[in-house]
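Worksheet: the structure to be examined is printed underneath.
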There are 2 protein chains.
Amino acid sequence: MNHETATTAVRANETLHARIKAQILQKIIGGTWKPGYRLPVETDLARDHGVSRMTMNKVLTQLSSEGYLVRRKKSGTFVAQPRSQSAVLEITAIADEVAALGQSYRWELIEQNLRCLSGPERAGFGLPEDGAGPWLALRGLHFAADTPFCLETRVINPSTCPKAVDQDFGPEPPGSWLLRTVPWTSATHTVRAVGAGTDEAGFLVLRKNTPCLEILRETRTSDSWVTRVRLVYPGGVHQLFAQFGPQLTPAQASK
Amino acid sequence: MNHETATTAVRANETLHARIKAQILQKIIGGTWKPGYRLPVETDLARDHGVSRMTMNKVLTQLSSEGYLVRRKKSGTFVAQPRSQSAVLEITAIADEVAALGQSYRWELIEQNLRCLSGPERAGFGLPEDGAGPWLALRGLHFAADTPFCLETRVINPSTCPKAVDQDFGPEPPGSWLLRTVPWTSATHTVRAVGAGTDEAGFLVLRKNTPCLEILRETRTSDSWVTRVRLVYPGGVHQLFAQFGPQLTPAQASK
DNA sequence: GCCAAGATAATGTATGTACATTAAATGGCG
DNA sequence: CGCCATTTAATGTACATACATTATCTTGGC
């Protein structure tokens, strides 16, 4: 039955549903199927991939429980809207964050340039010394109720996100724009406590050396990075929040 | 076939495998089945619960992918070891953390008392004013290579963990002891940047007001809290690290 | 032209069966 | 006694089938 089209014949030895899951996931994170897109019905997908409905069901159920798809009876199966940024660590798009506090939000662009970075700048983003193409450098301030709330310093990789170069980030901050524009991403966060430097203190209206939370986030698509951002929050004001059950990474059981 | 024993007849209307999953999970988080315990084989469990092997397989597969169980072919199915603390946010048991850096580790107990807390102390743990039973109050320092690395301030709820009262936390820090002792837990983390207070600065050998990461963690079993701990790390030294794909909390798909 | 009742099309759940995979247990042979 | 081949007991995967559930669509009555 399963007649293996030429394209799928490549990677063998994984399980059947794992392979199919990967194919579908590729369409989602690659942006071929955009958020909201309704995919073919289960039975058709099963037929197209040459598997039984049960197997396709397993794939779709998994993708749904992982948050890539949303399924509704009778209506069909849809590509999910990107969850702002990790439901786990509640670092939401900053505008949402402020809105959640019931305060008015404003964004102010400070710099937008396609340029190379200085050594210290590169170090601040954890970027290597070598791959030094010109990048889109951005900086801006987020205000809540007219008080500066977060200083954002960002680079965008123009080779993975060329559209960003022509975009004007005056009206809309790059975070939410990227969220809308770039398909699916995974992110890495690093959190530290730092004292406000001279310019941070200036922008955030703090005394120098006030403790601040620094969040460094690297966002990637499949294999190259899209953007790196450093967010500096006045320490006491902001807090991260995370909740866990025992989950992920199956532990070793003793014999 | 499914003759519904008196005990299981209680909660109806959930799906079959959800109910069975809940029953098994209860044995795990309740501690009836301890970490490392080998559970009956799939076919027996299926028979005992009056369902098909496939259904039981679904339950066990899910619990395994959620990290409660570990399954090995031929060997059987085992209750997983509690994953130190959230594989997600890599806040591991502190000794592991230091070991990962390849440094020698030492723990030094400062205080261990069954007593009531002062108002400010309670506030520091985010505890309410009312429920003010006497608690086990602990404080101690973690050293890496003979440098103080983290100041730990903790309360343990004696009503959920009575054994802790008689335990001597001189040799072993309470974090890892609890990890071994208390069955399964979920945790809530709050992260802030603070300036070192007078006593923190003293213990950690810092100048007052040095930026520090403060991690407040509340650990719970099913419905009451077990312990609350405040960990204060010198800012630059420590960093949290978290990696995400899009996951959890299925998003709404547009129609 | 509106509303309600029923049909329908999609996903959701459960079962039975078959065979694959793997690592432990076993047994025989040197 | 120890090693290697074989058996076997457990989980892992895939398929076919049946029926349940539910939101949408359709149809018929007024």
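Within every chain, numbering begins at 1; the chains are lettered A, B, ... in the order of the sequence lines, protein sequences first and strands thereafter.
What separates CG of B:Leu45 from P of D:dA10 is a distance of 12 Å, to the nearest Å. Protein atom CZ of B:Phe78 is 12 Å distant from nucleotide atom C1' of D:dT11, rounded to whole Å.
Each of B:Tyr233, B:Trp107, B:Tyr105 was evaluated against B:Phe149; a single residue qualifies, B:Tyr233, per the ring pair (Phe, Tyr, Trp, His ring centres under 6.0 Å) test.
Base-pairing analysis of DNA chain D finds the following stems of at least three consecutive Watson-Crick or G-U pairs, with both pairing distances under 3.5 Å: C:1-30 with D:1-30.
With A:Thr55 contributing its side chain and A:His17 its backbone, the two residues share no donor-acceptor pair below 3.5 Å.
The salt bridge (Lys or Arg N to Asp or Glu O under 4.0 Å) test applied to B:Arg38 returns no partner, not counting sequence neighbours. Looking at residues two or more places apart in sequence or on another chain, you find a ring-ring contact (aromatic ring centres under 6.0 Å, His included) between A:Phe169 and A:Trp177. Applying the side chain to side chain contact (heavy atoms under 4.5 Å, CB included) test to A:Leu39 and every residue at least two apart in sequence or in another chain returns A:Trp33, A:Tyr37, A:Leu45, A:Leu60, A:Leu69, A:Thr77, A:Val79.
Considering only heavy atoms from C-beta on, B:Ser65 stays 4.5 Å or farther from A:Gln62 through its side chain. Using a 4.5 Å cut-off on side-chain heavy atoms (C-beta onward), B:Leu178 and B:Ile156 make contact.
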Check nucleotides 12-14 of chain D against the protein and report each pair of N or O atoms closer than 3.5 Å, with its distance, or say if there are none.
from, atom 1, to, atom 2, distance (Å)
D:dG12, OP2, B:Arg71, NH1, 2.6
D:dG12, N7, B:Arg53, NH2, 2.8
D:dG12, O6, B:Arg53, NH1, 3.3
D:dA14, OP1, A:Leu16, N, 2.4
D:dA14, OP2, A:His17, ND1, 2.6

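The heavy-atom pair separating B:Pro171 from B:Asp168 by the smallest distance is CD-O, 3.4 Å. Nearest heavy atoms, B:Leu109 versus B:Gly170: CD2-N, 3.8 Å. Smallest separation of non-hydrogen atoms from B:Pro173 and B:His142: CB-CE1, 4.0 Å.
Applying the 4.0 Å criterion to OP1 and OP2 of C:dA10, one finds that A:Thr77 has every side-chain N and O outside that range.
Comparing A:Ser75 and A:Met56 along DNA chain D, the residue whose closest nucleotide (by nearest heavy atom) sits nearer the 5' end is A:Met56.
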Study note, to complete from the structure: A correct 5'-to-3' footprint of nucleotides 3-9 of chain D, with B, S and - meaning base, sugar-phosphate only and no protein heavy atom under 4.0 Å, is -----BB

